[in-house]
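Written out below as structure tokens is the structure these notes cover.
Throughout, a chain's letter reflects where its sequence line sits, starting with A, and its residues are numbered from 1. Just the heavy atoms: all of them, side chains too, but no hydrogens, waters or symmetry mates, feed the values below.
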There are 2 protein chains.
Amino acid sequence: MISVSDALRIISEEAKPIGKENREILLCNGLVLAEDILSKDSLPPFDKSAMDGYAVRSIDTERITEENPRGFKVRGVIKAGQWCTESINLGEAYKIMTGAPIPMEADCVIEVEKVKTEGDIVYLYNEVKKDNHVIKFGEEIQPGDIVLKKGTEIRPAEIGLFASLGYKTVEIYKPPVVGLIITGDELVDIDENIGKGKIRNSNEYAITSMIRSLGLEVISYGVVKDDKAVLKKIIEEALEKTDIVITSGGASAGDYDFVETILKEIGAEIKFDSVAIKPGKPISFAVFNGKFFFSLPGNPLSAITTFEQFIEPLCNKVLGKLDCMKEDFPIILGEDFKVRKGRVKLLYVKIVKRDDKYYAYNIGSQSSNKLTTISKANGVLIVPEEYSEMNAGQTIRGRFIFK
Amino acid sequence: MISVSDALRIISEEAKPIGKENREILLCNGLVLAEDILSKDSLPPFDKSAMDGYAVRSIDTERITEENPRGFKVRGVIKAGQWCTESINLGEAYKIMTGAPIPMEADCVIEVEKVKTEGDIVYLYNEVKKDNHVIKFGEEIQPGDIVLKKGTEIRPAEIGLFASLGYKTVEIYKPPVVGLIITGDELVDIDENIGKGKIRNSNEYAITSMIRSLGLEVISYGVVKDDKAVLKKIIEEALEKTDIVITSGGASAGDYDFVETILKEIGAEIKFDSVAIKPGKPISFAVFNGKFFFSLPGNPLSAITTFEQFIEPLCNKVLGKLDCMKEDFPIILGEDFKVRKGRVKLLYVKIVKRDDKYYAYNIGSQSSNKLTTISKANGVLIVPEEYSEMNAGQTIRGRFIFK
């Protein structure tokens, strides 16, 4: 049994991107750039107006004041997307729309709210400085400039930027495909009646949903009965076809649990087989031929806890993300809490924000198979192993769940 | 021009769910329950073991101590999914796996780590209390109990819970379909060269990606040239086929902007047509036949800002979510900032967390069309209108972006 921090260190050492691929930009949200993105153009490709207003020559506005306004003849209108081939003379203005190119000789824009018009004359009431409301040619980007670096996490802003730079596809770190295997003779399908000693398969649904929340594809192998030969065949198939294999159930110290034996038989390197955390102790992590393998506890609450604690950071690092760990923060206990001493405990709580501080409240029994418990919680307290009684007002670190 | 808070209040008053539908549970992550979910069963459906261990009669363990252990004859093994029809006698034990049913007459489980075995005898070294490590029949849920209430936001835990309760589908508030229309004669396709006065269409990609981040389907009508008749036809079609229509570009005070005229012609009720916010002033919001309409500024940064500030809360409320507003928090300025007085300003910054506090740093020019700016930022400061010079160490509220 190793500590949580050792387990996370081992995972972090093993996890790395599994490859690169070109992908349509709209399918890249949440993924990470595996190449530098260079500009092919100058942006903006011309001096353009940052406002709706009037383009004039700044020299022509000198000494204008509110008491001493000056009229300019409006020669026409330039809208975004048009190209003005005529230059402007002293005493003249062009009406100009946001994003439209500045006409030749003009060098500034006065916003529409600051002028008055009378027929085709526009009156200015103040001086306008050179480059006022003008975005200059190449001001944002020059050809060959690195606009986005390899390793950048892609968000909608970056997708917009790819488009503006003329990239239909970009190279990203390949998202891993996750294989999911549920074990347990006690499990029946969702639409079956619960027979004696049976419970419905819920982990397949909860874990599938968690994997998809990370933006990853799941191949689910459904429920496999506790038969070593069958399970071995499916684990081998999953390790062949997917990049990360997760089993749930079948990893406790029980006599009927074959996963660890199978891993040893196929020659997988088991990195750890239990972690000092509650719930979730019987989690194991192995690597095999560049693939990653996790065996999660069968209890739904333990499975969810260990997925968030250990698998999510691995997936994020495989995706190329730098910040791959869950972020914790201080939480003030809103009431007393009692726990048993021993392993680090993740205590499911309701976190409430008041006056920019976070407070934690009990949500009932934490027995490790209660999905109803976790459905009342929005966070966990991370309770150090030596703690047992904790009092209202005390501060403990914790984090949100499903975020 | 109205204030940001008035705009959000108006949006919140208008926004409501657009209907309900039954949906496969795996497609419900992030949606909201539109029905109460009742249990059909007792859970657990039998007294079951919470641990791998040995089931015995508690009365049979009285006065056992470390110095005075007692041996029990192990009659067999009960694994999860099995059903034990035999009862247990005094002096006997069953080995029992996590999740397996407790045999008749037995009333407690002692964990495997606390015993020693010798042949078919298991030695106990302490008393075991009644119900120790036993999860009782119906302890979690009784038939007819409301397990999850209408209005609950669905996460992987709830999806697991649906499965465990035998629900293949649940009724959720129908996610709105969003129609997206980009306007502007200056826009060329992503794979075209930038001609004189032209720029590439980036908003279609950035906004599509933001809508999809909310889990919503987008129908994109692409770029529509600034021709009133054509634009009107497409707006009418979008209002017919989708639930929320967004246009980008074409909503400034410019002479070539038809959106507002079109809205009036078709009889849409314009709720506001500009908001005191920078960037993003020319945003308008209208309702028509139970549909929602937003016209966003054409500048990419303004479009992204106003989408997050105004459209995201509306979408969340239509989805049935209670917490639909973006969450802000105090941020300490890591350096001096200068802004122009006037409207409330969203200042794009790099937020860094140190010692559980957030600090904001400059990321360069905030001119309203710079996607490169926003790509360096992970948050915004929400600068009140009267502020102009702000000093390092001062605290300003703000929020993360794309979160």
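Atom-to-atom distance recorded for E186(B):CD and M97(A):CE is 12.0 Å, nearest 0.5 angstrom. For the atom pair NZ (K168(B)) and OH (Y205(A)), the distance works out to 6.0 Å, reported to the nearest 0.5 Å.
At least one side-chain heavy atom of L26(A) sits less than 4.5 Å from a side-chain heavy atom of R212(B). Side-chain contact between L161(B) and S202(A) is absent, with no heavy atoms from C-beta onward closer than 4.5 Å. Annotation: side chain of N29(B) is not in contact with side chain of M210(A) (no heavy-atom distance under 4.5 Å). At least one side-chain heavy atom of S375(B) sits under 4.5 Å from a side-chain heavy atom of L148(A). With contacts defined as side-chain heavy-atom distances shorter than 4.5 Å, the pair P156(A)/I304(B) does not qualify. Put simply, the side chain of I374(B) does not reach to within 4.5 Å of the side chain of E158(A), judged on heavy atoms. In this structure the side chain of I25(B) reaches within 4.5 angstrom of the side chain of I190(A), judged on heavy atoms.
With a threshold of 4.5 angstrom between heavy atoms, I96(B) does not approach chain A through any atom at all. With a threshold of 4.5 angstrom between heavy atoms, I207(B) does not approach chain A through any atom at all. Using a 4.5 Å cut-off between heavy atoms, N201(B) touches chain A through its backbone atoms (N, CA, C, O) alone. Residue A100(B) does not touch chain A at all, counting heavy-atom pairs closer than 4.5 Å. Proximity to chain A (any heavy atom under 4.5 Å) is shown, for N203(B), by neither the backbone nor the side chain. If you measure heavy-atom distances from Y167(B) to chain A, the contacts under 4.5 Å come from the backbone alone. Only the backbone of D328(B) comes within contact range of chain A, judged by heavy atoms closer than 4.5 Å. The parts of F329(B) that come within reach of chain A are both its backbone and its side chain, each placing non-hydrogen atoms under 4.5 angstrom from that chain.
The residues K353(A) and E327(B) are annotated as salt-bridged, a charged nitrogen and a carboxylate oxygen being separated by less than 4.0 angstrom. Salt-bridge formation is detected for the pair K281(A)/E113(B): a Lys NZ or Arg NE/NH1/NH2 atom is positioned less than 4.0 Å from an Asp or Glu carboxylate oxygen.
Other residues, nucleotides and ligands contribute only 12 or fewer heavy atoms inside 6.0 Å of the NZ atom of K357(A).
Closest approach of N378(A) and R155(B) over heavy atoms only: CA-NH1, 3.9 Å. The two residues P45(B) and I199(A) make their nearest non-hydrogen contact at CD-CG2, 4.2 Å.
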For the pair D356(B) and R397(A), evaluate salt bridge (Lys or Arg N to Asp or Glu O under 4.0 Å) and give the outcome as yes or no after the intermediate values. CA-CA 10 Å; D356(B) 295 319; R397(A) 298 191 75 81; 2.8 Å; yes
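For the set A157(B), G53(B), G364(B), the count of heavy-atom pairs under 4.5 angstrom toward chain A peaks at A157(B). When I401(B), L187(B), L165(B), D189(B) are compared by the number of non-hydrogen pairs under 4.5 Å with chain A, L165(B) comes out ahead. By number of non-hydrogen pairs under 4.5 angstrom with chain A, the leading residue of S164(B), S213(B), A377(B), G215(B) is S164(B).
Side-chain contact check for T98(B) and N299(A): no donor-acceptor pair (N or O, by modelled atom type) lies under 3.5 Å.
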